[in-house]
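Remember, it's 1-based here, ligands and their atoms both numbered in the order they're listed.
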Amino acid sequence: MNIQKNISLKPLNTFGIDTIAKQFITVSTINELEEVIKETPSFFILGGGSNILFTKEIIPFVIHLNLKGTNILNYSDDDVFVKVAAGEAWHSFVLWCIEHRFGGLENLSLIPGNVGASPIQNIGAYGVEVKDTIVEVETLEISTLKKHIFLNTECQFGYRDSIFKKELKGKHIITSVIFKLTSKNHILNTAYGAIGEALSEKGITKPTIKDISDAVISIRESKLPNPSAIGNGGSFFKNPVISTQHFKELQKKYINIPHYSIAESEVKIPAGWLIEQAGFKGIKKGNTGVHSKQALVIVNYGNAKGIEILELANEIQDIIFKMFNISLEIEVNII
Ligand code: EPU
């Protein structure tokens with residue numbers, strides 16, 4: 001086993017936090033992963049590092065998951081089943097799908113992170129969630145080292161949520177994911193406002209999956225900071241869901257409050273709007289701040305400590321609660 005000592009995790013998390021791994025090992029096969037787990041009582045699993053905020057200065061043992069492989073399992077005239085190892089980069093996989101003309105993930109272009117993390121928080125963007133294409137998730141159970149298969153229905157997918165964030169949190173390691181994609185008759189999702197606008201600006205009336213992917217990439221690039229330039233973890237909070245009654249009260253004061261109906265009794269409010277109303281959009285506080293083009297993204301302008309970012313997030317939560325009586329739930333994992 002090639003265990004390295006005192007490794008900085010700065011290049012391995014998109015927030016760019018300089019936390020130290022006392023011991024660090026990269027594993028490239030499931031066998032290696034099993035070996036390490038057998039000999040290590042406690043460890044932290046690091047994948048793409050894109051949805052994590054390190055607030056601890058030191059992490060005793062880090063296993064960096066680097067399982068690779070993308071395999072077509074079954075191809076028919078209508079659809080295709082693809083098995084992808086957890087350590088494959090999400091966006092590279094999406095581009096691979098576009099190249100092979102496999103549809104279903106084009107709206108999820110340019111999301112940072114690895115394939116193995118995609119089911120955990122059920123990544124979503126521009127009207128599509130990854131749960132729409134996942135057939136099954138393969139895992140290694142940490143306590144028994146047994147392999148498990150979770151069918152889509154067993155994953156308890158919800159908005160930025162799954163069983164792997166709830167009762168199975170920290171109990172299983174996702175090793176691969178099987179997706180069902182379309183090989184023709186793609187179901188295109190262009191309803192999300194900004195996609196429609198981007199396509200019509202280019203005069204595209206009959207978009208291909210590549211056109212949609214390109215549109216999503218340009219929208220994301222215009223709104224979201226590139227983590228290699230400005231550290232961030234994407235949306236820091238979830239969009240809150242409130243009761244329709246609560247919403248109606250808020251609407252009396254804030255006539256233009258944006259909202260999406262979830263059910264008759266529930267309404268989802270964009271957290272970015274709440275944060276902008278509270279005056280945080282574009283602010284800079286020491287090494288941290290709120291992105292100037294998307295208030296849901298908290299950024300590291302340089303050498304921020306994780307704790308400084310968390311303090312800013314907590315301040316935002318307090319003010320939003322006072323102003324709107326809404327509790328913002330943090331979406332990134334705080335370690
Ligand atoms: N808004 C503002 N000010 C802002 C940002 C947003 O007023 O600074 C309002 C606007 O009304 C806007 C609405 O919020 O129309 C929605 O904004 P946007 O389309 O940017 O989406 P979002 O709800 O803020 C969610 C996801 C993003 C995903 C986008 C696009 C969550 C927590 N975030 O953001 O996901 O890319 O939709 O589908 O659901 C991520 O999870 O890391 C992420 C980036």
same_hphob_cluster(L95, L108) at 4.5 Å side-chain heavy-atom cutoff: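 In one cluster with L95: L108, no.
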
Verify same cluster id: L53, I20 (apolar side-chain graph, 4.5 Å):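 Cluster IDs for L53 and I20 differ.
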
Whether Y260 lies under 4.0 Å from ligand 1, heavy atom: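 A heavy atom of Y260 does come that close to ligand 1.
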
Heavy atom of H291, distance to ligand 1 below 4.0 Å: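 Distance cut 4.0 Å: H291 fails for ligand 1.
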
For ligand 1, which atoms have a heavy atom of [X] less than 4.0 angstrom away?
X: A125; value: 36 (O), 38 (O)
X: P258; value: 11 (O)
X: E331; value: 41 (O)
X: F237; value: 32 (C)
X: G234; value: 42 (O)
X: P270; value: 9 (C), 13 (C), 14 (O)
X: R160; value: 26 (C), 27 (C), 31 (C), 33 (N), 35 (O), 39 (O), 40 (C), 41 (O), 43 (C)

[Y] and [X], any side-chain heavy atoms less than 4.5 Å apart:
X: L65; Y: I173; answer: yes
X: T14; Y: N232; answer: no
X: F179; Y: I134; answer: yes
X: I262; Y: Y159; answer: no
X: F164; Y: C155; answer: yes
X: I52; Y: I17; answer: no

Heteroatom proximity flag, [X] to ligand 1, N/O under 3.5 Å:
X: K281; result: yes
X: Q121; result: no
X: Y126; result: yes
X: K238; result: no

Just checking, any donor-acceptor pair under 3.5 angstrom between side chains of [X] and [Y]?
X: Q317; Y: N314; answer: yes
X: S176; Y: E138; answer: yes
X: D78; Y: S76; answer: no

Nearest to [atom], what protein heavy atom do you find, and at what distance?
atom: atom 1 (N) of ligand 1; value: W273 N, 3.7 Å
atom: atom 42 (O) of ligand 1; value: S235 N, 2.8 Å
atom: atom 24 (O) of ligand 1; value: Q294 NE2, 3.0 Å
atom: atom 21 (O) of ligand 1; value: Y192 OH, 3.6 Å
atom: atom 39 (O) of ligand 1; value: Y159 OH, 2.7 Å
atom: atom 25 (C) of ligand 1; value: N239 ND2, 4.2 Å

Parallel, tilted or perpendicular, as decided by the 30° and 60° cut-offs, for the rings of F150 and H172: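 Correct class here is perpendicular.
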
Atom 12 (C) of ligand 1 touched by protein (heavy atom, under 4.0 Å):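 No, because not a single protein heavy atom sits under 4.0 Å from atom 12 (C) of ligand 1.
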
Within-cutoff protein neighbour (heavy atom, under 4.0 Å) for atom 35 (O) of ligand 1: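 Yes, at least one protein heavy atom sits under 4.0 Å from atom 35 (O) of ligand 1.
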
From E276, R220, K223 - option closest to atom 4 (C) of ligand 1 by heavy atom: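 The residue whose heavy atom sits nearest atom 4 (C) of ligand 1 is E276.
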
Salt bridge present between D214 and K210 (N-O < 4.0 angstrom):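 Between K210 and D214 there is a salt bridge, with a charged N closer than 4.0 Å to a carboxylate O.
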
